[in-house]
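Accompanying notes for the structure given below.
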Amino acid sequence: MNAGLKTGTGNSNIIMIKVANAPCSWGVLEFGLEGDSYEYPQVLSEMRATGYTGTELGDWGFMPTDPKELKEVLAGQQLELVGGFVPVALSKAKNHEAGITKALQTAKLMAEASREAFIVLADDNGTNNNRTKKAGRIKASDGLTDSEWRTFADGVHRIASSVLDETGLKTVFHHHCAGYIETPDEIDRMLSLTAPDLVGLCFDTGHYRFGGGDPVEGLNKFGDRIKHVHFKDCHPGILNQSVIHKWDYFQSVGEGIFCELGQGEVDFSTILAQLNKSHYQDWIVVEQDILPGMGQPSESAQRNRDYLKAIGV
């Protein structure tokens with residue numbers, strides 16, 4: 001795994017992992033769901049107050065879309081911008097041009113605020129009824145055809161190339177339940193069809209577990225492609241109930257499948273030890289996906305940050 005996880009230079013004993021959070025931990029999601037929502041001033045203020053030093057952009061329009069204003073807002077909260085999520089229905093070629101436009105819009109905005117931020121590209125999760133209904137229970141027969149795989153990979157390449165050429169920002173692909181890249185086998189195939197020097201992997205521990213994998217094994221298996229890491233937990237009891245009762249993705253999230261860090265079955269201590277061993281010197285982004293109006297996000301953010309401090313970051 002050491003070849004792909006970012007390796008620092010200089011004193012190898014100094015580990016510079018930085019910890020961010022994301023608006024999705026406050027229920028700010030890309031799905032257009034109903035429910036009480038938070039505005040960005042409160043989210044960023046609470047994020048900073050609970051000990052985080054970076055944020056992802058959130059859905060387009062959540063934060064200011066004027067580069068100067070965005071930069072001022074982030075500076076005011078002493079937060080760095082680490083990534084912007086871009087969902088595109090990549091299995092259909094007709095969606096690729098619009099995907100390029102959307103990714104470039106996001107990349108050009110972010111490039112003014114941070115030259116180190118990633119485009120976090122993903123399938124348009126939650127829009128395919130079968131994949132949404134069967135999240136966590138996906139079989140090979142629910143996947144893409146060979147032709148659709150080629151189309152999907154071509155879309156990823158076209159978007160990543162356009163973003164790099166026009167903004168200099170790099171692209172990582174986010175595997176995600178309720179989309180076509182969910183299971184370990186699907187992640188493996190997507191990576192095999194895309195160029196390592198162009199497309200990295202955003203490794204999300206919670207989605208990897210929900211999708212049927214062991215995150216520790218996944219970190220080892222895909223380490224040479226991992227450029228960005230999301231720390232998300234997965235509650236085993238709720239996962240079991242999701243399987244038994246055949247909940248769809250959104251019901252599983254609403255029931256709290258993505259619990260606070262340390263309350264589920266993801267072995268973060270081992271994952272952190274592996275990241276440290278590889279001299280990973282980039283961002284860990286805490287993501288506790290919740291639906292709009294769920295829970296007390298700032299309190300969860302504080303407990304998540306305290307947990308990470310307790311295990312050494």
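Residue indices begin at 1 and follow the sequence shown. Reckoned from all heavy atoms, side chains included, excluding hydrogens, waters and symmetry mates. Bear in mind that the values here come from a model prediction, so they are computed numbers and not experimental data.
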*May I ask you to check whether His230 and His174 place their ring centers less than 6.0 Å from one another?*
yes
*So, does Thr65 use its side chain to make a donor-acceptor pair with the main chain of Gly61 at under 3.5 Å?*
no
*Is the backbone N or O of Leu90 less than 3.5 Å from a side-chain atom of Asn95, with the two atoms forming a donor-acceptor pair by type?*
no
*What about Ile257 and Ile138, same hydrophobic cluster or not, with Ile/Leu/Val/Met/Phe/Trp/Tyr joined at side-chain heavy-atom distances under 4.5 Å?*
no
_When you group the ILVMFWY residues by side-chain heavy-atom contacts below 4.5 Å and let the links chain together, are Val285 and Ile311 in the same group?_
no
*Is there a donor-acceptor contact under 3.5 Å from the side chain of Arg137 to the main chain of Lys133?*
yes
*asked:* To check you understand the geometry: which heavy-atom pair defines the closest contact between Asp204 and His175, and what is its length?
replied: N-NE2, 2.9 Å
_With heavy-atom distances below 4.5 Å as the criterion, would you say the side chains of Val120 and Val86 are in contact?_
no
*Does one hydrophobic cluster hold both Leu121 and Ile187, with members joined at side-chain heavy-atom distances below 4.5 Å?*
yes
_Please verify the inter-ring angle class for Tyr249 with His176; under 30° counts as parallel, over 60° as perpendicular, anything in between as tilted._
tilted
*Residue pairs fulfilling salt bridge (charged side-chain N to carboxylate O under 4.0 Å, His left out) with at least one residue in residues 260-270, sequence neighbours excluded*: Arg209-Glu265, Glu260-Arg303
*Smallest separation among heavy atoms of Phe231 and Phe268, with atom names*: CD2-CD2, 3.5 Å
_Gap between atom CG of Leu79 and atom OG of Ser114 - 0.5 Å precision_ = 12.0 Å
*Nearest non-hydrogen partners of Glu148 and Leu144, listed with the distance*: OE1-CA, 3.4 Å
*Thr151 versus His96: any side-chain heavy-atom pair under 4.5 Å?*
yes
*Taking all non-hydrogen atoms of both residues, which atom of Cys234 and which atom of Gly206 are closest, and how far apart?*
CB-O, 4.1 Å
*Does the side chain of Trp283 reach to within under 4.5 Å of the side chain of Val229, using non-hydrogen atoms?*
no
_Any side-chain heavy-atom pair of Leu169 and Leu164 under 4.5 Å_ = no
*With a 4.5 Å limit on heavy-atom distance, are the side chains of Thr205 and Ile271 in contact?*
yes
*Looking only at heavy atoms, which two atoms of Gly211 and Pro184 are closest? And how far apart?*
O-CD, 3.6 Å
_Interatomic spacing from OG1 in Thr171 to NE2 in His157 - rounded to 0.5 Å_ = 10.5 Å
*Just by modelled atom types, is the Ile238 backbone N or O under 3.5 Å from a matching donor or acceptor in the Ser242 side chain?*
no
_I need the single residue from Asp123, Asn128, Asp124 that forms a side-chain hydrogen bond (donor to acceptor under 3.5 Å, both in side chains) with Tyr180. Which is it?_
Asn128
*Asn130 CG to Ser141 OG distance, which is reported to the nearest 0.5 Å*: 8.0 Å
*Donor-acceptor under 3.5 Å (His245 side chain, Trp247 main chain)*: no
_Chi angles and distances behind the side-chain hydrogen bond (donor to acceptor under 3.5 Å, both in side chains) call for His228, Glu56_ = CA-CA 12 Å; His228 197 49; Glu56 291 199 352; 3.0 Å; yes
*Kindly compute the distance separating CD1 (Ile284) from CG (Leu272), expressed to the nearest 0.5 Å.*
5.5 Å
_Once side-chain hydrogen bond (donor to acceptor under 3.5 Å, both in side chains) is applied, what residue pairs with a partner in residues 66-94 remain, sequence neighbours excluded?_
none
*Under the ring pair (Phe, Tyr, Trp, His ring centres under 6.0 Å) test, which residues partner Trp149, sequence neighbours left out?*
none
_Checking Met63 against Leu57 for the side chain to side chain contact (heavy atoms under 4.5 Å, CB included) test, could you report, in this order, the C-alpha distance in whole Å, the side-chain angles of both residues, the deciding distance, and whether it holds?_
CA-CA 7 Å; Met63 283 201 261; Leu57 185 65; 4.2 Å; yes
*So, the side chain of Asn21 versus the backbone of Met47: is there a donor-acceptor pair under 3.5 Å, distance only?*
no
*Could you tell me whether the side chain of Glu186 and the main chain of Thr183 form a donor-acceptor pair under 3.5 Å?*
yes
*Does Gln288 have any side-chain hydrogen bond (donor to acceptor under 3.5 Å, both in side chains) partners at least two apart in sequence or in another chain, and if so, which?*
Asn304
*Answer yes or no: is there a donor N or O on one side and an acceptor on the other, between the side chain of Ser45 and the main chain of Gln42, under 3.5 Å?*
no
*Taking all heavy atoms of Lys227 and all of Gly200, pick out the closest pair and write down the distance.*
CG-CA, 3.8 Å
*asked:* As an exercise, state the distance from CG of Leu70 to CG of Leu81, rounded to the nearest 0.5 Å.
replied: 6.0 Å
*Inspect the surroundings of NZ in Lys309 and state if more than 12 heavy atoms from other residues, nucleotides or ligands are less than 6.0 Å away.*
yes
*Check: Phe203 ring centre within less than 6.0 Å of Tyr208 ring centre*: yes
*Using the salt bridge (charged side-chain N to carboxylate O under 4.0 Å, His left out) rule, collect all pairs that involve residues 159-182, keeping only residues at least two apart or in two chains.*
Lys108-Glu166
*asked:* Do Leu44 and Thr55 have side chains that approach each other closer than 4.5 Å (heavy atoms only, starting at C-beta)?
replied: yes
*How would you list, by chain and number, every residue that makes a side chain to side chain contact (heavy atoms under 4.5 Å, CB included) with Glu97, sequence neighbours excluded?*
Ile100, Arg158
_Lys232 and Asp289 ion-paired at < 4.0 Å_ = yes
*Salt bridge check: are Asp197 and Arg225 linked by an N-O gap of less than 4.0 Å?*
no
*Does the ring center of His207 lie less than 6.0 Å from the ring center of Phe258?*
yes
*For the atom pair CD (Gln296) and CD1 (Ile290), what is the distance rounded to the nearest 0.5 Å?*
9.0 Å
*Mind checking whether Thr53 and Arg48 have side chains closer than 4.5 Å, heavy atoms only?*
yes
*Phe118 and Val82, any side-chain heavy atoms less than 4.5 Å apart*: no
*Using a strict 4.0 Å threshold on nitrogen-to-oxygen distance, state whether Asp142 and Lys134 make a salt bridge.*
yes
